[in-house]
Novice: 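Mind having a look at this structure? Questions to follow.
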Amino acid sequence: MSSPMDVSLQHASGSRELCKLEGVADHPGPSSPSMPAADDKVLVSVEVCLKPSSTARAEDIRAAIERMLEQRSMTYVNGPIPVPVDDSFLFENVKRIRICDTDEWVENHRVLLFWQVRPVVHVYQLSEEGPGEEPSGDDMLSSFNEWILPAKEFDGLWESLVYEVGLKQRLLRYAASALLFTERGVDPCLVSWNRIILLHGPPGTGKTSLCKALAQKLSIHFKSRYSWCQLVEVNAHSLFSKWFSESGKLVAKLFQKIQEMVEEENNLVFVLIDEVESLAAARHAALSGSEPSDSIRVVNALLTQMDRLKSWPNVIILTTSNITTAIDIAFVDRADIKAYVGPPTLQARYEILRSCLQELLRAGIVTNYHDVSLLNYSSLKETMHTSETAGELERPLHLSRLLLEAANACQGLSGRALRKLPFLAHSALTNPYTCEPSRFLHTLIETARRELSEQKA
């Protein structure tokens, strides 16, 4: 989960005062005697979202952000940086600045100081167009939706998804390597890769959302390389069931349309096939007579079209499945990454519920009389192991302990069910217009237990 960014100010005495970025004066960053070489520095993404009204060039914004970062001494932690009000150019054009990709360092209790980091600035503007469909006489295109990325619809989706540490970073690094290998002309006969990702696991774990968020994230990170990014979401169930008798031909038609998109070298295309087992059902079932022969043609067509797309450097195929045992082994073998997305861990459950409660506090649904903030999971665990607790931490710690109890009570619920739980808890209140945090959390715990008991019934 993201947290407000912390800045470390270097004082003349050499002491370091850790404080929030808001309201802190900028200080030139002192050089370090042991400053690492450029190759040894940690790459950290700085994502800069432009205002819809901005017409500034991305290169000019990037240069201004780099100058701003050079003037600050900071520790790099995921979270927002306020747009500087004293820089009229940035203040007029920039909607949001966010530090990303430091999760694993924080998890390992390592602090990234400014001289250890090489910021990589990504400048982008959100597309406000919704999903589009092209009309067609045979109605074939109703089987997929198309977005221009980065899309407003997916803004913040990546940050809202909480999984075991390393999963999201693994996917980002894989995609970067897959695109780099193809662009540099690595011989695929010697080193093989297919640019296919398969996320599998039980329903409700956020596999589809993760695919969309990954496409959004990559469209931001590769904006300087590709001027146009698209997400094509294939409705596998619709395509197969609606055109059952000719589904193999229609799979080929669909991929022909995708190939037309990728023929433009400045266009980066993400193809999302949700519940891919609908199109790539295991052929041994058809050969044994339990499935119709038409399904064999569908799998053959899908594999053939995917193999053709391998020759294009600017396409990544994202797939999900709830039942990987039903997928044809030839498809599974083609996937470069087969990542299991399971039920949320205790830490993930805590952070998901924390983000939900913070949103209810922001909206005034839950009343925050004392203006307290909830501790993140790592801070909570460290504080709980401390024998003495400062007075100003007593109430945040009390609420955070209740939230941890709620997270424990939610074991067995999917991520989708967790996101719905705060609404169900609120609907159980006798007075929905006045509710303080501790009362709400007690209701949340009761609601979680009820939901789990109903699942078992």
Side-chain angles (χ1 to χ4, degrees), residues 2 4-5 21-24 26 43-72 74 76 78-101 117-134 145-160 172 175-176 179 183 212-233 260-270 313-316:
S2 298
M5 182 173 182
L21 181 64
E22 290 81 2
V24 174
D26 293 341
L43 299 182
V44 172
S45 297
V46 180
E47 296 180 359
V48 182
C49 180
L50 299 182
K51 294 179 179 178
S53 58
S54 174
T55 57
R57 296 194 318 153
E59 294 81 2
D60 296 336
I61 296 289
R62 185 179 298 108
I65 293 292
E66 288 172 350
R67 287 194 299 270
M68 181 197 78
L69 294 173
E70 287 174 0
Q71 296 170 359
R72 299 176 186 266
M74 62 175 68
Y76 278 76
N78 276 11
I81 305 178
V83 180
V85 295
D86 57 346
D87 189 320
S88 58
F89 176 63
L90 291 179
F91 193 76
E92 179 182 343
N93 290 283
V94 174
K95 174 183 177 182
R96 181 178 66 237
I97 308 171
R98 178 178 287 276
I99 302 295
C100 308
D101 307 338
V117 168
R118 181 156 69 89
V120 181
V121 179
H122 305 286
V123 181
Y124 67 99
Q125 204 163 22
L126 293 171
S127 169
E128 300 196 0
E129 297 182 22
E133 297 179 355
E134 295 185 28
N145 292 325
E146 176 186 350
W147 285 267
I148 304 302
L149 298 178
K152 184 178 180 181
E153 182 174 340
F154 306 136
D155 188 30
L157 182 59
W158 180 265
E159 290 75 21
S160 73
L172 277 180
L179 292 171
E183 286 184 353
K212 292 177 178 178
L214 178 63
Q216 174 94 339
K217 191 80 167 177
L218 292 171
S219 72
I220 293 171
H221 285 198
F222 287 91
K223 195 66 178 175
S224 59
R225 167 62 183 87
Y226 297 97
S227 57
W228 192 259
C229 298
Q230 293 169 276
L231 170 63
V232 176
E233 182 181 20
E260 291 172 6
M261 296 178 185
V262 303
E263 284 175 354
E264 174 53 57
E265 63 179 15
N266 291 324
N267 190 15
L268 179 58
V269 179
F270 302 94
N314 52 333
V315 59
I316 292 181

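All values derive from a computational prediction rather than experimental measurement.
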Novice: V83 and L90: which non-hydrogen atoms are nearest, and at how many Å?
Specialist: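 Closest heavy-atom pair between V83 and L90: CG1-O, 3.7 Å.
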Novice: Is a side-chain N or O of N266 found less than 3.5 angstrom from the main chain of S227, in a donor-acceptor match?
Specialist: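 Judged by distance alone, no pair lies under 3.5 Å.
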Novice: About how many Å separate CG of L50 and CD of Q125, when rounded to the nearest 0.5 Å?
Specialist: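 The distance works out to 5.0 Å.
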Novice: To the nearest 0.5 Å, what is the distance between CE (M68) and CD1 (I81)?
Specialist: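 With rounding to 0.5 Å, CE (M68) is 4.5 Å from CD1 (I81).
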Novice: What distance separates E59 CD from S224 OG, expressed to the nearest 0.5 Å?
Specialist: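 Going from the CD atom of E59 to the OG atom of S224 covers 9.0 Å.
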Novice: Apply side chain to side chain contact (heavy atoms under 4.5 Å, CB included) to residues V120 and V46 and explain how you reach the verdict.
Specialist: CA-CA 6 Å; V120 181; V46 180; over 6 Å; no
Novice: Can you tell if the side chain of E128 reaches within under 4.5 Å of the side chain of P52, non-hydrogen atoms only?
Specialist: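 Yes, at least one pair of side-chain atoms sits under 4.5 Å.
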Novice: Going by heavy atoms in the side chains, are W158 and L172 under 4.5 Å from each other?
Specialist: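 Yes - at least one pair of side-chain heavy atoms lies under 4.5 Å apart.
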Novice: Set out, in order, the CA-CA distance, both residues' side-chain angles and the distance that settles side chain to side chain donor-acceptor pair (under 3.5 Å) for N314 and E265, then state yes or no.
Specialist: CA-CA 7 Å; N314 52 333; E265 63 179 15; over 6 Å; no
Novice: Can we say D155 and R96 salt-bridge, meaning some charged N sits less than 4.0 Å from an Asp/Glu carboxylate O?
Specialist: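 Salt bridge flag = yes for R96 with D155.
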Novice: Please check if the side chain of N93 supplies one atom and the backbone of K51 the other of a donor-acceptor pair under 3.5 Å.
Specialist: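 No.
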Novice: Please indicate whether F89 has more than 12 foreign heavy atoms, meaning atoms of other residues, nucleotides or ligands, lying under 6.0 Å from its CZ.
Specialist: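 Yes, the 6.0 Å shell around CZ holds more than 12 heavy atoms from other groups.
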Novice: Apply side chain to side chain contact (heavy atoms under 4.5 Å, CB included) to L126 and C49, showing your working.
Specialist: CA-CA 7 Å; L126 293 171; C49 180; 4.0 Å; yes
Novice: Salt-bridged, K212 to E153, with N to O below 4.0 Å?
Specialist: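 No salt bridge links K212 with E153.
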Novice: What's the verdict on salt bridge (Lys or Arg N to Asp or Glu O under 4.0 Å) for K152 and E129, showing C-alpha distance, side-chain angles and the deciding distance?
Specialist: CA-CA 8 Å; K152 184 178 180 181; E129 297 182 22; over 6 Å; no
Novice: Are there over 12 heavy-atom neighbours, none belonging to E264, within less than 6.0 Å of that residue's CD?
Specialist: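 Yes, CD of E264 has more than 12 neighbouring heavy atoms, counting only those of other groups under 6.0 Å.
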Novice: Partners of F154 by ring pair (Phe, Tyr, Trp, His ring centres under 6.0 Å), sequence neighbours excluded?
Specialist: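 Partners of F154 under the ring pair (Phe, Tyr, Trp, His ring centres under 6.0 Å) test: W147.
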Novice: Can you give me the closest heavy-atom contact between R118 and L43, atom names plus distance?
Specialist: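 Taking R118 first and L43 second, the nearest heavy atoms are NH2-CD2, 3.2 Å.
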Novice: What distance separates C229 SG from I148 CD1, expressed to the nearest 0.5 Å?
Specialist: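 With rounding to 0.5 Å, SG (C229) is 9.0 Å from CD1 (I148).
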Novice: Nearest 0.5 Å, what's the CG-CD1 distance between L268 and I316?
Specialist: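 If I round to the nearest 0.5 Å, the distance is 6.0 Å.
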Novice: List the atom pairs, with distances to 0.1 Å, where a side-chain N or O of residues 213-221 and a protein N or O form a donor-acceptor pair under 3.5 Å, not counting sequence neighbours.
Specialist:
from : atom 1 : to   : atom 2 : distance (Å)
Q216 : OE1    : A151 : N      : 2.8
Q216 : NE2    : A151 : O      : 2.9
K217 : NZ     : E47  : OE2    : 2.7
S219 : OG     : Q216 : O      : 2.6
H221 : NE2    : E47  : OE2    : 3.0

Novice: What are the two closest non-hydrogen atoms of N145 and P131, and how far apart are they?
Specialist: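 Taking N145 first and P131 second, the nearest heavy atoms are CB-CB, 4.1 Å.
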Novice: Minimum heavy-atom separation for A176 to F222, with atom names?
Specialist: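 Looking at all heavy atoms of both residues, the shortest contact is CA-CZ, 3.9 Å.
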Novice: Compare every heavy atom of P150 with every heavy atom of Y124, then report the nearest pair and how far apart it is.
Specialist: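 Scanning both residues, the minimum pair turns out to be CD1-CG, 3.7 Å.
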Novice: Would you sort out whether Y226 and V269 count as a side chain to side chain contact (heavy atoms under 4.5 Å, CB included), showing the intermediate values?
Specialist: CA-CA 10 Å; Y226 297 97; V269 179; over 6 Å; no
Novice: Measure across V123 and A58 and return the closest heavy-atom pair with its distance rounded to 0.1 Å.
Specialist: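 The answer is CG2-O, 3.9 Å.
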Novice: Just do the side chain to side chain contact (heavy atoms under 4.5 Å, CB included) check on V262 and N267 with the steps written out, would you?
Specialist: CA-CA 6 Å; V262 303; N267 190 15; over 6 Å; no
Novice: Let me confirm one number: the NE2-NZ distance from H122 to K223, rounded to the nearest 0.5 Å.
Specialist: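 So the gap between those two atoms works out to 13.0 Å.
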Novice: Among all residues two or more places apart in sequence or in another chain, which pass the side chain to side chain contact (heavy atoms under 4.5 Å, CB included) test with E92?
Specialist: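 Side chain to side chain contact (heavy atoms under 4.5 Å, CB included) list for E92, sorted by chain: empty.
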